[in-house]
Amino acid sequence: MSVFNLYNTLTKRTEEFKPNEEGKVRMYTCGPTVYHFAHIGNLRSYIMEDVLEKYLRYTGYDVKRVMNITDVGHLTSDADSGEDKMLKGAKREHKTVMEIAEFYKKAFFDDCAKLNIKTPDVTEPATNCIPEFIHMIEELLKNGYAYEAGGNVYFDTSKLEEYYVLSNQNEEELQVAVRDDVEEDINKKNKTDFVLWFTKSKFDEQELKWESPWGMGYPGWHIECSSISIKHLGGYLDIHCGGVDNIFPHHTNEIAQSEAYLGHKWCNYWFHVQHLNDQTGKMSKSKGEFLTVPLLEEKGYNPLVYRMFCLQSHYRKPLLFSFDVLDNTKTSYEKLVNKIAALGEDGTLMQQDIEEYRKKFKEAMGNDLNTSQALTVLYDVLKSSLDNASKRYLIEDFDKVLSLGLLDAANTSVEIDESLAEFAEKLIEERNQARKNKDFAKADAIRAELAEKGIEIKDTREGTVWTMAQR
RNA sequence: GGCGACUUAGCCAAGUGGUAAGGCAUGGGACUGCAACUCCCUGAGCAUCGGUUCAAAUCCGUUAGUCGCCUCCA
């Protein structure tokens, strides 16, 4: 197994990855809140986490990955996001909260599929695990890490020896209610305490409520990840993933409650993906253009172009989105696919050379997932003196991790109607005859006629070839 | 105010102490009736100031700018 160096937010260093159990990786990802569409900034994280998972598999690890689906939350009173219109719209159509959750959950996985993001081995909706949440909270109360106040159950952060393990905040400087849409909760003993179970909250219209030892209510927002992770992956987690905005307080609180519950260190590596920004800063649902995968498709972009856009950058660097850069990437992607499509099938696998390039690929990826460098290795392969069979082999091999659908795109194995093919062949022949006779007006007219049917032609040295135009 | 990160050519971006990968765009050329595709050629001294070193984009410190987080956007 090759060396895999990974940046760890916990230690703020790049360190060699070593799982708890030899050859096996337990990995947890904070999933989406399914009450609106995911924007492409959210999806950047899921793309990079997908690359991480696939690279671990590529190097031979047996990976088990779990993701939660947050389908409980203050769904009916979401006033801090501009997208509640969608929710209201759905309500006007007499849909329940669960139906809305179901709708956006499907939308999320549709987006993921288009971006070649593998579905985790386990995806668990929070509403499936209420008994587990309650059990964990009961244990925390029993062990003195939690208290009841004002109808809610809170985690007592003062009971921990170390609370700020992830974020290096300090108690004195931490400001409460920095955001003006947030009010201070007077029930808390310490300002960093957080709610484990609500029965009373400012969000009175909570639609989903469950019976609990503390009354009808619903779980706090941090308990779900700890509980679902421990449920499926046990008490020793290798990698926990998420966007950087989760570091504090979400992940900090997860560590607090999980380790208080378990009584030992919980997770060794914390993987955080930086944000996608637009001209105004962090991409969000409430400002600027609300960019989604279906919107990119409408604008004529293959979603995999966006995946490549993300892979060209490093996951720990803020990335600025613009259509100019996406256009660049689109051209790069198409050129790359063209080059691959032009490869023949000839040759026998040159094992030794193949290993050389695989080694380079692993060096790039093993260096804290340097995907940009890995793409360069792919370009190097195409430019190399390897035979076509070896090149194809390597492209397929790298694409197990990169998942840009390169060979599929290159093979354009679109099912083509036979009569259409005959039609195309016939007109191309006519056109070539016209070209021979220097009747270029007729030749161009035929090309236009073919274009209308979605057939694009190219005059190559080997003759005229045609393809179906994309979309 | 505190904490965290980022700053390399027109744009994206690699680089982890020895004299700046790659991609896109640009310009030039080959090919083509034209177009498209393809191929060849084409560029920066690394935000600032200072330090360490024989040697720094790479290490240390300063300043500036950009971004994120600081309790319910997971």
Side-chain angles (χ1 to χ4, degrees), chain A residues 5 9 12 14 29-33 35-36 42 45 68 70 73-74 78 80-83 126 164 166-179 181-185 188 191-195 198 201-203 220-222 224-225 242-254 272 274-275 277 281-282 284-286 308-309 312-314 316-320 322 324-336 338-339 341-342 364 367-368 370-380 383 434-435 438-441 443-444 447 456-461 465 467:
Chain A
N5 292 309
T9 311
K12 309 220 171 16
T14 302
T29 303
C30 287
T33 305
Y35 63 108
H36 41 46
N42 300 133
S45 296
N68 65 303
T70 302
H74 55 289
D78 179 31
D80 54 354
S81 149
E83 285 309 307
Y164 297 102
L166 262 188
S167 64
N168 277 351
Q169 306 273 353
N170 61 80
E171 185 83 30
E172 294 72 35
E173 299 294 345
L174 195 71
Q175 292 186 9
V176 174
V178 169
R179 296 176 353 211
D181 58 335
V182 172
E183 288 164 37
E184 195 169 354
D185 184 338
K188 292 179 180 181
K191 57 184 171 184
T192 47
D193 290 355
F194 53 93
V195 177
F198 284 105
S201 121
K202 55 182 174 173
F203 301 117
W221 282 30
H222 307 295
E224 115 181 32
C225 284
V244 282
D245 55 338
N246 295 154
I247 295 173
F248 189 86
H250 181 52
H251 289 166
T252 305
N253 290 348
E254 274 189 58
H272 291 106
Q274 273 287 347
H275 285 299
N277 299 322
K282 174 182 166 184
S284 75
K285 283 153 187 151
S286 51
M308 182 157 162
F309 176 96
Q312 276 178 329
S313 179
H314 189 84
R316 277 196 300 119
K317 269 189 167 182
L319 182 58
L320 186 70
S322 75
D324 282 349
V325 178
L326 191 65
D327 283 336
N328 273 4
T329 311
K330 185 183 178 185
T331 311
S332 300
Y333 183 78
E334 283 166 1
K335 286 195 173 189
L336 189 58
N338 281 338
K339 278 178 198 164
N367 180 15
D368 196 24
N370 193 332
T371 48
S372 176
Q373 189 65 37
L375 280 170
T376 298
V377 177
L378 184 67
Y379 278 101
D380 288 344
K383 275 191 288 196
R435 288 170 74 209
K438 307 238 182 256
D439 185 355
F440 298 126
D444 288 347
R447 181 163 57 193
E456 279 175 359
I457 56 174
K458 290 174 197 170
D459 299 321
T460 69
R461 261 162 253 195
V465 297
T467 52

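All chains are named by letter (A, B, ...) in the order of the sequence lines, taking the proteins before the strands, and each is independently numbered beginning at 1.
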For this session: Mind checking A/Gly243 for me? I need base, sugar-phosphate or nothing, with any heavy atom below 4.0 Å counting as a touch.
Result: nothing

Exercise. Looking across every strand, which nucleic acid part, if any, lies under 4.0 Å from A/Lys188 by heavy atom: base, sugar-phosphate, or nothing?
Worked result: base

Problem set entry | Which residues share a side chain to side chain contact (heavy atoms under 4.5 Å, CB included) with A/Asn367, sequence neighbours left out | A/Asn370

For this session: Take atom P in B/C59 and the same atom in B/A44, then report the distance between them in whole Å.
Result: 24 Å

Exercise. How would nucleotides 12-22 of chain B be written as a contact map, 5' to 3', with B for base contact, S for sugar-phosphate-only contact and - for no contact, using protein heavy atoms under 4.0 Å?
Worked result: SSSSB----BS

Exercise. Counting any heavy atom closer than 4.0 Å, what does A/Gln274 reach on the DNA or RNA strands: base, sugar-phosphate only, or nothing?
Worked result: sugar-phosphate

Exercise. Mind checking the C1' distance from B/A56 to B/G18? Whole angstroms is fine.
Worked result: 9 Å

Problem set entry | Distance, rounded to the nearest Å, where A/His251 contributes NE2 and B/G68 contributes C1' | 15 Å

Exercise. Expressed as a whole number of Å, how far does the C1' atom of B/U66 sit from that of B/A55?
Worked result: 32 Å

Exercise. Touch check for A/Asp245, heavy atoms < 4.0 angstrom, all strands: base, sugar-phosphate only, or nothing?
Worked result: sugar-phosphate

Problem set entry | Euclidean distance, atom NE2 of residue A/His275 to atom P of B/G68 [Å, nearest integer] | 8 Å

Problem set entry | For B/G15, glycosidic torsion class - syn if within 90° of 0, otherwise anti | anti

For this session: Rounded to whole angstrom, note down the C1' distance from B/C31 over to B/C37.
Result: 10 Å

Problem set entry | Atom-to-atom span, NZ of A/Lys335 to P of B/C40 - whole angstrom | 11 Å

Exercise. Can you name the nearest heavy-atom pair linking A/Thr252 to A/Ile247, along with the distance?
Worked result: OG1-O, 2.7 Å

Problem set entry | Atom-pair distance (CG on A/Asp444; P on B/G33), nearest Å | 12 Å

Exercise. If every non-hydrogen atom of A/Ser313 is compared with every non-hydrogen atom of A/Thr371, which pair is closest and at what distance?
Worked result: O-OG1, 3.1 Å

Problem set entry | Interatomic distance, A/Glu334 CD vs B/A25 P [rounded to whole Å] | 11 Å

Seminar exercise, completed: To the nearest angstrom, the CZ-C1' distance between A/Arg316 and B/C69 comes to 17 Å

For this session: Could you measure between the two C1' atoms, the one in B/G61 and the one in B/A74, and give it in whole Å?
Result: 37 Å

Exercise. Do you know which two heavy atoms are closest between A/Ala443 and A/Arg435, and how far apart they sit?
Worked result: CB-CG, 3.7 Å

Seminar exercise, completed: Among B/G33, B/G23, B/C69, the one nearest any side-chain atom of A/Phe248 is B/C69

Problem set entry | Residues forming a salt bridge (charged side-chain N to carboxylate O under 4.0 Å, His left out) with A/Asp245, sequence neighbours excluded | A/Lys282

Exercise. When rounded to the nearest Å, what value does the distance between C1' atoms of B/G45 and B/C34 take?
Worked result: 43 Å

Problem set entry | Given RNA chain B, 5'-ward residue of the pair A/Val244 and A/Asp324, judged by closest heavy atom | A/Asp324

Exercise. When all nucleic acid strands are considered with a 4.0 Å heavy-atom cut-off, which category describes A/Val377: base, sugar-phosphate, or nothing?
Worked result: nothing

Problem set entry | Check: B/A74 base within 3.5 Å donor-acceptor of A/His222 side chain | yes

Problem set entry | Rounded distance (Å) that lies between atom P of B/U38 and atom CG of A/Leu336 | 11 Å

Exercise. Is A/Arg447 side chain donor-acceptor paired with the B/A35 base, going by distance under 3.5 Å alone?
Worked result: yes

Exercise. Start at the 5' end of RNA chain B and walk down; is the nucleotide closest to A/Asn338 or to A/Ser332 reached first?
Worked result: A/Ser332

Problem set entry | All side chain to side chain contact (heavy atoms under 4.5 Å, CB included) counterparts of A/Ser45, not counting sequence neighbours | A/Glu49, A/Val273

Exercise. Residues two or more places apart in sequence or in another chain: which of them pass ring pair (Phe, Tyr, Trp, His ring centres under 6.0 Å) with A/His314?
Worked result: none

For this session: Could you list the residues that satisfy side chain to side chain contact (heavy atoms under 4.5 Å, CB included) with A/Asn5, not counting sequence neighbours?
Result: A/Val3, A/Thr14, A/Glu16

For this session: For B/G68, give its Watson-Crick or G-U wobble partner with both distances under 3.5 Å, or none.
Result: B/C3

Name the pairs: protein N/O against N/O of nucleotides 60-63 of chain B, kept only if under 3.5 Å.
none

Exercise. B/C70 C1' sits how many Å from A/Ile247 CD1, rounded?
Worked result: 12 Å

Problem set entry | ring pair (Phe, Tyr, Trp, His ring centres under 6.0 Å) against A/His222, all qualifying residues, sequence neighbours excluded | A/Phe194, A/His250

For this session: Not counting sequence neighbours, which residues clear side chain to side chain contact (heavy atoms under 4.5 Å, CB included) with A/Thr331? List them please.
Result: A/Lys335

For this session: Begin from the C-alpha positions of A/Phe309 and A/Leu319 and carry the test side chain to side chain contact (heavy atoms under 4.5 Å, CB included) through to its verdict.
Result: CA-CA 9 Å; A/Phe309 176 96; A/Leu319 182 58; 3.4 Å; yes

Seminar exercise, completed: Picking from B/C67, B/G33, B/A74, the nucleotide nearest the side-chain atoms of A/Trp221 would be B/A74

